[in-house]
Amino acid sequence: MKDTPKHQGRRKKLADQLAEKGITDQRVLHAIKTVPRHLFLDSSFEDYAYQDQAFPIAANQTISHPFTVAFQSQLLEIAPGDKVLEVGTGSGYQAAVLIEMGAKVYTIERQHELFSITKNLFNKLGYRAKMSFGDGYKGMPAFAPFRKIIVTAGAPYIPEDLLSQLEIGGRMVIPVGDDDQDMILLVRESENDFKRHTFGKFRFVPLLKSKQSGQ
Ligand code: SAH
C-alpha cells in the first residue's frame with residue numbers, strides 16, 4: 001500500500017493529459033492528481049495504472065478509463081458538500097475521486113466480492129462513503145434525494161427509481177445503450193421536467209438486473 005513520488009509524478013502527467021483531452025474542471029484534475037489509482041488495481045497492473053486505460057478488476061468487471069471518470073465527474077459539476085449517489089462501486093476509484101472533490105458519496109454494488117474488497121480498501125485508505133450491497137436500479141431510497149447521481153455501468157434504459165431520487169435542480173449522468181452507450185446528462189428542472197443532453201459514445205460493462213446475480 002505504498003504511494004511514492006514516482007506514482008505522484010505519473011498522476012500529475014495523467015492529469016495533464018486529461019486536461020489536453022478537454023477536462024477543465026480544476027476540482028476534477030486535482031482529484032486525479034490526488035487519488036492513488038494504482039492501489040485500486042491488482043498489483044500486476046501497477047506500472048500501467050496511470051495510463052488512460054480501463055483494467056479488469058474482480059468479478060469480471062472493469063475500472064473505467066481515467067478519461068471516463070474525469071468526464072462523468074465534470075458533467076456532474078460537483079460542489080463541496082454535494083450528496084452524490086453512485087451506481088456501480090466497482091474498484092471504488094470513481095467514488096474516491098468524488099470524495100476528493102468534496103462530495104458526500106453513497107455507492108451501491110451488486111457483486112458481493114467487489115463490495116467487500118472495496119469496503120476494506122476504503123477503510124485502509126481512510127475514504128468515507130456510505131457503501132451498500134444491492135441493486136442499483138432501485139437507488140438508495142432511504143437516503144434520497146440526491147443532488148447528483150452517477151451511473152458507472154451501461155444502462156439499457158434510465159431507471160425510474162433513480163429519476164425520482166434526484167433533487168430538483170440536481171444532475172444525473174448515465175451511459176445508456178447496449179453494446180456501446182451514449183453519455184446522457186439529465187438536469188431536473190422541476191418535479192416532472194428533465195432537460196436531457198447527450199454526449200459522445202462510451203463503452204461500459206452492463207448494468208445488470210438483480211435476478212442475474214452471480215454473473
Ligand atoms: N465506478 C467503478 C466502475 C466499475 S464497472 C470504478 O470506478 O471502478 C461497473 C460496476 O457496476 C461493476 O462493479 C458492476 O458489478 C456494477 N453493477 C452492474 N450492475 C449493477 C447493478 N444493477 N447495481 C449495482 N451495481 C451494478
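Any value given below was found using the heavy atoms of this structure, including those in side chains, with hydrogens, waters and symmetry copies removed. Counting starts at 1 for both ligands and their atoms, in listed order. Index from 1, following the sequence.
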Would you mind running through ligand 1 and noting each atom that sits below 4.0 Å from a heavy atom of [X]?
{"X": "Thr152", "result": "1 (N), 2 (C), 3 (C), 5 (S), 9 (C)"}
{"X": "Tyr137", "result": "22 (N)"}
{"X": "Thr62", "result": "3 (C), 4 (C), 5 (S)"}
{"X": "Leu114", "result": "13 (O)"}
{"X": "Gly136", "result": "21 (C), 22 (N), 23 (N), 24 (C)"}
{"X": "Ser91", "result": "6 (C), 7 (O), 8 (O)"}
{"X": "Pro206", "result": "18 (C), 19 (N)"}
{"X": "Ile108", "result": "24 (C), 25 (N)"}

### Query
Between the main-chain N or O of Ala79 and the side-chain N or O of Arg27, is there a donor-acceptor pair closer than 3.5 Å?
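Checking the backbone N and O of Ala79 against the side chain of Arg27, no donor-acceptor pair under 3.5 Å is found.
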### Query
So, the side chain of Asp193 versus the backbone of Ser190: is there a donor-acceptor pair under 3.5 Å, distance only?
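Checked: no pair found.
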Measuring only between side-chain heavy atoms, which start at C-beta, is [X] closer than 4.5 Å to [Y]?
{"X": "Phe204", "Y": "Thr68", "result": "yes"}
{"X": "Arg128", "Y": "Ile99", "result": "no"}
{"X": "Thr118", "Y": "Thr107", "result": "no"}

### Message
For a side-chain contact (heavy atoms from CB on, under 4.5 Å) check, start with the C-alpha distance between Phe55 and Phe40, then their side-chain angles and the critical distance, and finish with the verdict.
### Response
CA-CA 10 Å; Phe55 290 104; Phe40 292 75; over 6 Å; no
Does [X] reach ligand 1 with a nitrogen or oxygen that is under 3.5 Å from one of the ligand's nitrogen or oxygen atoms?
{"X": "Val87", "value": "no"}
{"X": "Gly88", "value": "yes"}
{"X": "Leu208", "value": "yes"}

### His30 atom NE2: more than 12 heavy-atom contacts under 6.0 Å
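Open.
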Hey, does [X] sit under 4.0 Å from ligand 1 if you only count heavy atoms?
{"X": "Thr107", "answer": "no"}
{"X": "Ala95", "answer": "no"}
{"X": "Gly134", "answer": "yes"}

### Query
Should the pair Asp3-Arg11 be classified as a salt bridge under the 4.0 Å nitrogen-to-oxygen rule?
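Yes.
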### Message
Is a donor from one side chain sitting under 3.5 angstrom from an acceptor on the other, for Ser73 and Gln94?
### Response
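There is such a pair between these side chains.
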### Query
Can you find a side-chain donor-acceptor pair between Tyr50 and His38 that sits under 3.5 Å?
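Yes, a side-chain donor-acceptor pair sits under 3.5 Å.
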### Query
Between the candidates Glu109, Gln94, Arg37, His65, which shows the shortest non-hydrogen contact distance to atom 13 (O) of ligand 1?
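Minimum heavy-atom distance to atom 13 (O) of ligand 1 goes to Glu109.
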### Message
Heavy atom to atom 26 (C) of ligand 1, shortest distance: which of Arg110, Glu113, Glu86, Gln111 holds it?
### Response
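Nearest option to atom 26 (C) of ligand 1, by heavy atoms: Arg110.
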### Query
Got a second to check how far Leu207's CG is from Tyr137's OH, nearest 0.5 Å?
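Going from the CG atom of Leu207 to the OH atom of Tyr137 covers 4.0 Å.
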### Message
Taking 4.0 Å as the limit for heavy-atom contacts, which would you say applies to Val205 with ligand 1: side chain only, backbone only, both, or neither?
### Response
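For Val205, only side-chain atoms sit under 4.0 Å from ligand 1.
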### Query
Which one holds for Ala59 and ligand 1: side chain close, backbone close, both close, or neither close, with close meaning a heavy atom under 4.0 Å?
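Near ligand 1, Ala59 shows nothing, with every heavy atom at 4.0 Å or more.
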